[in-house]
Student: 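This is the structure, below, for whatever I ask next.
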Amino acid sequence: MPYETILVETRGPVGLVTLNRPKALNALSDLLVTELGQALDALEADDSVGAIVVTGSEKAFAAGADIKEMQGFSYMDVYKANFITAKWERLAKCRKPTIAAVAGYALGGGCELAMMADFILAADTAKFGQPEITIGTIPGAGGTQRLTRFVGKSKAMEMCLTGRLMDAAEAERAGLVSRVVPAVDLVDEAVRVAEKIAKLSRPVVMMAKDAVNAAYETTMSEGIRVERRIFHSTFATEDQKEGMAAFAEKRQPDWKHR
């Protein structure tokens with residue numbers, strides 16, 4: 001399917017989506033967000049794809065929402081259109097594992113989009129921020145909520161109230177990103193990690209993702225209960241039988257994805 005604002009390819013079992021509005025530093029226009037949702041729908045439906053990487057350019061993962069597009073919106077425009085909720089959260093709803101590979105700027109909506117992925121790999125050039133306060137508004141795609149869960153109240157509050165940017169090293173120390181890699185290696189490393197995940201038992205990968213997300217969104221006792229139920233349910237899969245048999249027999253498992 002041809003797209004105007006993104007590039008989509010597959011590398012083995014990995015779907016790779018590249019945001020591609022270079023003149024606008026990948027600002028998240030309505031068309032880009034719509035096309036990203038369509039691409040994610042297609043990759044989720046493709047059985048040959050086991051994991052998805054979303055990336056941008058060397059200069060910018062995404063420099064934010066498209067302010068020129070938004071500046072004329074009224075309250076009734078955004079309320080009646082269910083702005084953000086209607087289209088922006090597709091990445092957060094993917095069942096397949098997702099990685100945001102971030103180089104350059106990930107600001108405002110760009111930072112929020114990256115945080116919707118399962119985890120973030122950052123280039124050493126990456127800069128994260130929620131500078132909406134400097135243009136008279138606040139984060140609207142989950143920034144005040146997800147950033148606070150990632151880095152804690154104090155740092156999130158400082159970033160949201162001042163618009164201060166966080167570099168890659170600070171983002172790693174704060175827990176916003178899983179690792180920092182040289183910019184030149186970013187996409188290849190993200191695809192390598194995604195490929196490793198994609199080659200595991202896909203239903204069990206989805207179960208592990210559900211369990212971790214439960215920790216992110218509920219209490220400890222409820223999260224433990226959810227983990228225990230999901231752990232028990234893995235024993236109903238063919239892949240749990242194969243995985244443990246392969247371990248006992250000192251061979252590589254032959255996953256059936258069932």
Student: Whether the side chain of His257 engages the backbone of Arg202 through a donor-acceptor N/O pair (distance < 3.5 Å, no angle test) should be reported.
Tutor: yes
Student: Would you give the length of the straight line joining atom CD1 of Ile99 to atom CD1 of Ile120, rounded to the nearest 0.5 angstrom?
Tutor: 11.5 Å
Student: Calculate, to the nearest 0.5 Å, the distance between atoms SG and CD1 belonging to Cys94 and Ile52 respectively.
Tutor: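 Rounded to the nearest 0.5 Å, the SG-CD1 separation comes to 4.5 Å.
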Student: Between Phe61 and Tyr105, does the ring centre distance come in under 6.0 Å?
Tutor: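 They do not qualify: ring centres at least 6.0 Å apart.
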Student: Does this structure show an ion pair linking Arg11 with Asp188, if we count only N-O contacts that are shorter than 4.0 Å?
Tutor: yes
Student: CD of Gln252: more than 12 outside heavy atoms within 6.0 angstrom?
Tutor: no
Student: Does a sphere of radius 6.0 Å around CZ in Phe247 hold more than 12 heavy atoms from other residues, nucleotides or ligands, not counting ones at 6.0 Å or beyond?
Tutor: no
Student: Check this for me: does any side-chain nitrogen of one of Glu44 and Arg90 sit under 4.0 Å from a carboxylate oxygen of the other?
Tutor: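 Between Arg90 and Glu44 there is a salt bridge, with a charged N closer than 4.0 Å to a carboxylate O.
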Student: State plainly whether the residues Glu170 and Arg164 are in salt-bridge range, i.e. N to O under 4.0 Å.
Tutor: yes
Student: Do Lys241 and Asp239 sit within salt-bridge range, that is, some charged N less than 4.0 Å from a carboxylate O?
Tutor: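 No, this pair does not count.
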Student: Using 4.0 Å as the upper bound for N to carboxylate O, is an ion pair formed by Arg251 and Glu242?
Tutor: yes
Student: Does Glu4 pair with Arg21 as a salt bridge, N-O distance under 4.0 Å?
Tutor: no
Student: Any link between Leu31 and Leu113 through a network of hydrophobic side chains (Ile, Leu, Val, Met, Phe, Trp, Tyr) touching at under 4.5 Å?
Tutor: no
Student: Tell me whether the centres of the aromatic rings in Tyr79 and Phe83 are closer together than 6.0 Å.
Tutor: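 No, too far apart.
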Student: Could you point out which residue of Glu89, Arg146, Glu132 forms a side chain to side chain contact (heavy atoms under 4.5 Å, CB included) with Glu112?
Tutor: Glu132
Student: Glu222: what forms a side-chain contact (heavy atoms from CB on, under 4.5 Å) with it, not counting sequence neighbours?
Tutor: Thr218, Thr219, Arg225, Val226
Student: So does Arg258 pair up with Glu238, basic N to acidic O under 4.0 Å?
Tutor: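 Salt bridge flag = yes for Glu238 with Arg258.
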